[in-house]
Structure formats: C-alpha cells, structure tokens
Amino acid sequence: MTHSSDFLLFGTEEKKPEAKRLQAGDLSVELIGGNVRSIRFADVEILRSIAFLVRDRDWGTCDPVISDLDIAETKDGFSVSYKASFEAPSGALLNCEAKIEGKPASVLFDASFTPQGDFETARAGFAVLHPVVGVAGKPVRVTHSDGSIEHTTFPDLIEPWQPFKDISAIEHEPLPGLRVECRMDGDVFEMEDQRNWTDGSYKTYVRPLALPWPYLLKSGETIRQSITLTVANDASTTSAKDDGKISLTLLDSDVVLPEISIGLRPEELVGEREHANLLKEIGARHLICHFDPTAHHGVDTLAGFRDIAEASELAVTLECFVPCQEAPLDEELSAIASQVKGAGLSLSSIAVSPSMDRQSTPPGSKWPECPPLENVYTAAKRAFPGIPLGGGMFSYFTELNRKRVPSEQLAYITHATCPIVHAADDLSVMQTFEALRFVTRSVRAIYGEKPYRIGPSTIAMRQNPYGSATKENPSRKRIAMANVDPRHNGLFGAAWTLAYAATVAEAGLDVVTLSTLAGPFGLVAGKNEPVAEGKPRPLFHVLKWLGHLSGADYLAVNSPEPEKILALGARRDGKTVLLVANLTPHLQNIEISGVRGGLLSLLDEVWLQEGGGEPVLSTLRADELELPPYAVARLEL
C-alpha cells in the first residue's frame with residue numbers, strides 16, 4: 001500500500017494550516033490561523049509571533065473558527081480583518097473581531113472579543129513571543145504601566161518566575177542599531193520565561209498569573225486589546241551569501257554519550273511483555289518503571305516489571321510517587337518496599353517524588369501541603385537501604401526550577417520535558433531544541449556535576465501538571481497537551497528523537513529516556529500507522545543507533561543552521577559515527593568538514609514507503625549528503 005508523504009512524515013493526514021506571507025517594505029510576517037508569526041525585518045527575526053489565544057479552564061487551547069477573512073495587499077503594506085469564534089469544552093462561545101495592519105516599520109494587531117454566554121477560561125488575550133537565540137542575556141528596556149522605565153537584560157539561565165511584570169512596552173535590539181518596540185494595551189501584561197517548558201521563546205501575555213484562574217468572562221461584555229510593533233533601523237542588515245549548503249564540523253569534547261533507557265507504563269504491560277525482545281536489540285541499559293500507589297498500582301504491576309526486566313536483563317529504576325497522605329512516610333515507603341520484595345523485583349535505583357508535586361504550582365498560587373523533601377528522601381533511604389536514590393520532578397523542568405530539591409541525599413537529579421505544552425505546530429515543536437539547551441545549562445548551574453537523567457520525554461504529554469487531564473486526540477491531530485501525538489509514529493518523531501539526543505549530549509547526562517516500550521509513547525506501531533502494526537516505529541532505529549553508542553566518546557557537531565540540521569558524533573574503537581537529523585520539511589544539502597565518504601544508513605520517505613525495515617547500508621562517496629524532509633542519517637566515517 002502506498003501512503004501519502006504527510007502520513008509517512010507526520011503519521012496523520014491532517015492538513016497543516018496554510019501560511020500566507022505578507023510584506024510591507026523590509027518587514028514581513030506569516031499569517032497562520034488568524035495570527036502572525038516569523039515576524040522579520042530585512043530577514044532578521046524580530047519577534048517570533050503575536051497571537052490572540054484562548055485557553056480553556058485546564059489550559060487547553062481553544063482553536064478558532066475563522067470567518068469573513070479579508071486580506072488586502074498594496075505597495076505600502078497590508079491589512080487583514082476577520083471574525084473568530086472560540087468554543088470551550090463546555091460548549092460556551094467567545095466571539096472575536098480582529099484586524100491586523102502592516103506598514104514598512106510597524107504592525108498593529110487589534111482584537112475585540114465578547115462571550116456568548118458566560119465563558120470560563122484560564123487565559124484569553126494576546127501573547128507575544130520574543131525569540132531566545134541571540135536575545136538571551138541581551139539588554140532590554142521595559143516600560144511599566146505608570147510610565148517608569150526599567151533597563152535590564154533578558155534572562156540567560158532560565159528564570160523560574162516572571163522576569164518582568166506590569167508591562168506596557170518592551171524594546172530590544174535583535175541587531176545593534178535595529179530597535180524594536182512592542183507596546184501592549186487593554187490589560188495588564190507580564191512576561192514568563194517559556195524556556196521552562198522548552199518553548200523557544202520568552203512570552204509576554206495578558207493577565208498576571210497571581211490572579212485567580214480559571215476566571216469567568218461574563219456574557220455580552222466586550223473586551224478590547226491591541227499590540228503595536230514598531231521598528232527603527234540604523235543597522236546594517238545585509239544577509240550573508242548562502243550557497244544552499246550546511247557545513248558540519250566535528251569537535252572533540254570531554255564527555256561520553258549517555259546510556260539509553262526505555263520507559264514502562266503499567267497500563268501497557270500486556271504489550272510490553274509481548275515486545276520485551278526489542279529491549280536487547282535496541283541496546284538499552286535501563287528500564288524506567290512508573291509506579292503510583294494512588295493509581296492503585298501494586299504487586300501485580302511490579303511483577304509485570306519483573307518479568308520484562310528478567311527477559312531483557314536490563315537494570316530497573318522505579319519511578320515512584322509517594323502518597324504522603326495520612327500514614328507516616330516510613331510506613332508508606334516500607335509498604336512500597338514490601339511490595340517490591342514480594343514481587344521479586346530487583347532495583348538498581350529508585351526515584352521518589354511526593355504525589356502532590358505531580359501538579360504545578362503557578363506563580364502567586366498557594367503551595368500544597370507537603371512533607372519536607374529531606375524527610376521524604378530520608379524515609380526512602382531507610383526503606384530501600386543501599387539502593388541509589390534519585391529525586392527531582394517526574395513532570396517537567398518548570399516544576400524542578402520552581403521547587404528546587406535538596407540534592408545532598410540524592411545519587412542523581414531527574415526531570416522530563418514535553419514540547420507541546422503551549423503549541424503543537426511542527427515548527428514550534430522543532431524550535432524547542434533552542435530552549436532545551438538552556439534547560440540543561442540551567443540544571444547544571446543549579447546542581448553542578450551531580451549525575452543527571454532526563455525522561456521519559458516524548459512529543460505527547462504523559463501527564464498534565466497544569467490541569468485535570470491531558471487532551472484526548474482520537475483524530476490524531478496536532479493538539480497541545482495531547483496524550484497521543486501522531487508525529488511520534490512517523491519520520492518527524494525519528495528526527496525529533498535524534499535532535500533531542502544531540503541537544504542534551506553536551507550536558508554529560510548519565511541516562512536519557514525518549515520512549516516507552518509499548519503504547520502511544522512507545523517503540524511499537526499500532527493500527528493505521530506508517531509501518532505495519534506490531535513492527536518497530538522509525539524512532540526505534542534512531543534509539544538503536546544511540547543505544548549502541550552508549551558510553552562512547554561524544555563528538556560535538558557544529559551546525560551553522562541548527563534550526564535546520566542537528567547532529568551528534570561519537571568515537572569508539574577507532575571508528576567515528578555521525579548521526580544527523582533534518583528538522584525541516586525541505587531537502588537539506590549537507591557537507592561534512594574533513595570527511596571523504598563513508599557508510600550510510602538513511603531513514604527517509606522512500607525507506608518508509610518500502611516498509612521501514614532494517615535500514616539498508618550504502619556507500620557515501622563524497623563529503624556531501626542530501627537529506628530529505630525529516631530524514632535521519634547514520635554515517636560511519
């Protein structure tokens with residue numbers, strides 16, 4: 001059966017929103033779904049996006065239904081007007097009238113919105129995204145609502161709390177002499193460091209988080225907000241000559257590549273038992289076993305983990321939530337230890353986290369009652385004597401950054417990430433690697449050389465720290481906070497997985513987990529996927545390549561265009577291996593400095609159309625490689 005390119009690349013036939021480029025002199029924007037993004041001046045990105053967004057009570061995004069769209073383009077600029085309707089899961093509607101005007105040195109985005117019936121929301125209004133590359137650590141001028149001006153810098157290491165509050169305008173210089181001011185009207189704005197969630201941006205948004213949420217927009221009451229962007233240019237913005245090739249350079253480092261771990265989930269134990277043979281094939285070294293007594297996981301769950309561990313001979317880490325309820329900590333943890341012993345499960349390490357820490361505590365909110373973490377860790381060490389203890393957060397870096405755990409008793413620090421907390425379009429997901437590099441730098445700044453593990457981290461969200469549940473996705477669309485993401489199943493998921501590994505490698509991790517064994521976060525295909533049901537998904541092959549490089553000397557790869565190409569190298573036993581991922585929907589031409597050929601394995605659309613089996617080995621006879629959309633290559637140089 002022949003599949004479409006979209007299905008092979010993304011695991012879905014869902015059509016992406018059409019982007020229309022609009023130009024006003026040297027200023028350009030892309031209009032997508034009623035919002036503007038990739039805002040550039042003389043081809044320099046000055047803002048990542050200006051968007052009118054509506055979130056439901058659980059921070060899920062309400063997609064707009066747009067009508068009466070009118071776009072006018074002239075030699076002097078452009079204008080856009082439309083109506084939009086946003087529906088909450090409850091069925092309540094929010095109607096919006098918007099207009100966008102672009103001139104050679106300015107963009108105005110104005111929105112008036114009115115609920116049709118009371119509308120419960122966590123946030124409704126504008127969000128402005130500043131990029132982070134070339135901006136982090138650089139000067140910024142913040143104007144507050146009383147007219148006072150603050151001269152400061154964008155955060156370099158990731159700020160756990162809002163770096164700027166009570167904002168009416170922000171001015172920065174993407175290049176020396178290129179001044180960009182963004183003015184906000186209609187409500188109180190503040191900024192958060194979205195790199196906490198691996199978004200590649202700083203976000204200025206409406207309505208302070210210290211105010212209660214969700215909140216109610218009353219039926220019939222109209223609210224108006226606007227964003228005005230102005231540009232003043234005294235800079236030389238001539239673009240460098242581009243020959244269409246991306247030249248990669250391999251650099252020695254003083255770290256080794258991390259060991260690969262695979263997650264196990266209690267609800268997938270049937271499929272995990274069936275496919276345990278894949279664990280040895282992939283070269284994984286660890287199993288991360290999720291265990292939550294408050295979800296009624298017990299001896300049967302632990303026995304399932306034991307069976308898979310014995311079949312695979314992999315080391316077992318128990319990722320264990322501690323209820324921290326009525327019983328003393330020693331009793332709770334002793335009971336868990338008795339269950340582990342009763343199941344015959346041998347542990348190489350255990351990571352613990354209080355159950356209440358699974359949910360995020362936003363700025364201004366009251367922290368839930370929780371025993372001191374020092375007491376939790378002491379009780380865990382008593383219950384599991386001699387077993388290395390890990391701690392951190394089983395959710396995301398955001399929570400670890402806001403609630404920094406005492407690490408003295410810990411053998412390692414751990415957290416996960418998710419790229420679809422705020423946005424789920426392809427570009428935003430791939431831009432998360434810009435922020436992931438800052439995440440690992442920030443963890444190292446906080447915890448120094450403490451052994452460090454990341455994961456399980458996948459495109460889909462395994463639990464929602466910001467609401468009552470993850471989003472169901474039966475239609476396999478690109479949905480923020482979804483518990484299933486179809487791109488995990490296609491070439492996009494393979495490229496994302498390698499790019500993730502390449503980004504975190506320089507941090508010197510001990511272990512990284514980028515997949516579970518079975519189910520929607522796993523290695524094995526289900527029905528109606530790019531590979532046949534029961535066969536390994538494309539990312540399996542990427543993890544296999546990585547698994548067999550565990551502990552090898554890491555070679556950093558300098559990519560002059562990391563938004564397009566990310567790669568990592570390794571050296572072991574006199575052999576050099578290079579793994580390369582194309583993060584774009586376009587063919588990329590790559591040259592590798594100092595290399596004259598090698599052996600090539602390629603995961604691309606042709607390979608997947610032919611069934612996606614074991615990649616064929618071919619000979620690369622030069623230093624140049626054409627990498628198709630979202631393809632992944634392994635080169636033995």
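The aromatic rings of His297 and His290 lie perpendicular to each other, with more than 60° between the two planes, well past the 30° mark. By the 30° and 60° cut-offs, the orientation of the rings of His415 relative to Tyr452 is tilted. Ring geometry, Trp496 versus Phe433: the interplanar angle falls from 30° to 60°, so the pair is classed tilted. Between Phe492 and Phe10, the ring planes are tilted. Angles from 30° to 60° get that label.
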Take Tyr202 and Phe154 through the ring pair (Phe, Tyr, Trp, His ring centres under 6.0 Å) test and state the conclusion after the steps.
CA-CA 9 Å; Tyr202 303 99; Phe154 283 101; 5.0 Å; yes
Derivation and outcome, salt bridge (charged side-chain N to carboxylate O under 4.0 Å, His left out), residues Lys544 and Glu614
CA-CA 11 Å; Lys544 183 176 178 180; Glu614 186 65 26; 3.5 Å; yes
Steps toward side chain to side chain contact (heavy atoms under 4.5 Å, CB included) verdict (Arg453, Ser349)
CA-CA 12 Å; Arg453 302 182 180 186; Ser349 65; 3.4 Å; yes
Could you walk me through whether Leu635 and Ile592 pass the side chain to side chain contact (heavy atoms under 4.5 Å, CB included) check?
CA-CA 11 Å; Leu635 290 163; Ile592 306 162; 3.4 Å; yes
Are Asp6 and Lys16 close enough, and set up right, to give a salt bridge (charged side-chain N to carboxylate O under 4.0 Å, His left out), and what steps lead you there?
CA-CA 10 Å; Asp6 279 353; Lys16 293 183 286 185; 5.9 Å; no
Evaluate side chain to side chain contact (heavy atoms under 4.5 Å, CB included) for Val557 paired with Thr249, printing each intermediate quantity in order.
CA-CA 6 Å; Val557 181; Thr249 305; over 6 Å; no
Side chain to side chain contact (heavy atoms under 4.5 Å, CB included) between His548 and Val577: does it pass, once the steps are laid out?
CA-CA 11 Å; His548 289 282; Val577 174; over 6 Å; no
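Between the Ser457 side chain and the Thr417 main chain, a donor and an acceptor come within less than 3.5 Å of each other. Side-chain atoms of Asp604 do not come within 3.5 Å of backbone N or O of Pro628 as any donor-acceptor pair. Side-chain atoms of Arg487 do not come within 3.5 Å of backbone N or O of Arg478 as any donor-acceptor pair. Distance alone, capped at 3.5 Å, is enough to place a donor-acceptor pair between the Glu272 side chain and the Arg265 backbone. Within the 3.5 Å criterion, the main-chain N or O of His3 finds a donor-acceptor partner in the side chain of Gln609. Here the side chain of Ser4 pairs a donor or acceptor atom with the backbone of Phe7 at under 3.5 angstrom. Although no hydrogens or angles enter the test, the distance criterion places no donor-acceptor pair under 3.5 Å between the side chain of Glu310 and the main chain of Asp307. A donor-acceptor pair under 3.5 Å is formed between the side chain of Asn582 and the backbone N or O of His586. With hydrogens and angles disregarded, no donor-acceptor distance shorter than 3.5 Å links the side chain of Lys450 to the backbone of Ile413. Using modelled atom types, one side-chain atom of Ser253 and one backbone atom of Tyr554 make a donor-acceptor pair closer than 3.5 Å.
Around CD of Glu18, the count of heavy atoms belonging to other residues, nucleotides or ligands within 6.0 Å does not exceed 12.
Side-chain contact of Thr440 with Glu506: a donor-acceptor pair under 3.5 Å is absent, judged by distance alone. Arg404 and Asn401 form a side-chain donor-acceptor contact under 3.5 Å, judged by distance and modelled atom types alone.
Remark: Arg48 does not engage Glu563 in a salt bridge, criterion side-chain N to carboxylate O under 4.0 Å. The pair Asp573-Lys575 fails the salt-bridge criterion, with no side-chain N (NZ, NE, NH1 or NH2) lying under 4.0 Å from an Asp/Glu carboxylate O.
Between Asp426 and Tyr630, some side-chain heavy-atom pair lies under the 4.5 Å cut-off. Counting heavy atoms from C-beta outward, Tyr396 and Thr198 have side chains that stay 4.5 Å or more apart. Between Ile260 and Leu549 the shortest side-chain heavy-atom distance does not fall below 4.5 Å. Contact annotation: the side chain of Phe291 never approaches that of Leu345 to less than 4.5 Å [non-hydrogen atoms, C-beta and beyond]. Counting only heavy atoms from C-beta outward, the side chains of Leu608 and Pro538 approach each other to under 4.5 Å.
Partner of Cys289 under the side-chain contact (heavy atoms from CB on, under 4.5 Å) criterion, out of Leu302, Thr301, Ile350, Val316: Val316 alone.
Taking CD1 from Ile479 and CD1 from Ile420, the interatomic distance works out to 8.5 Å, rounded to the nearest 0.5 Å.
Closest of all the heavy-atom pairs between Leu566 and Ala499 is CD1-CB, 3.8 Å.
Taking the ring axis of Phe321 as reference, the NZ or CZ atom of Arg358 stays within 45° of it and closer than 6.0 Å to the ring centre.
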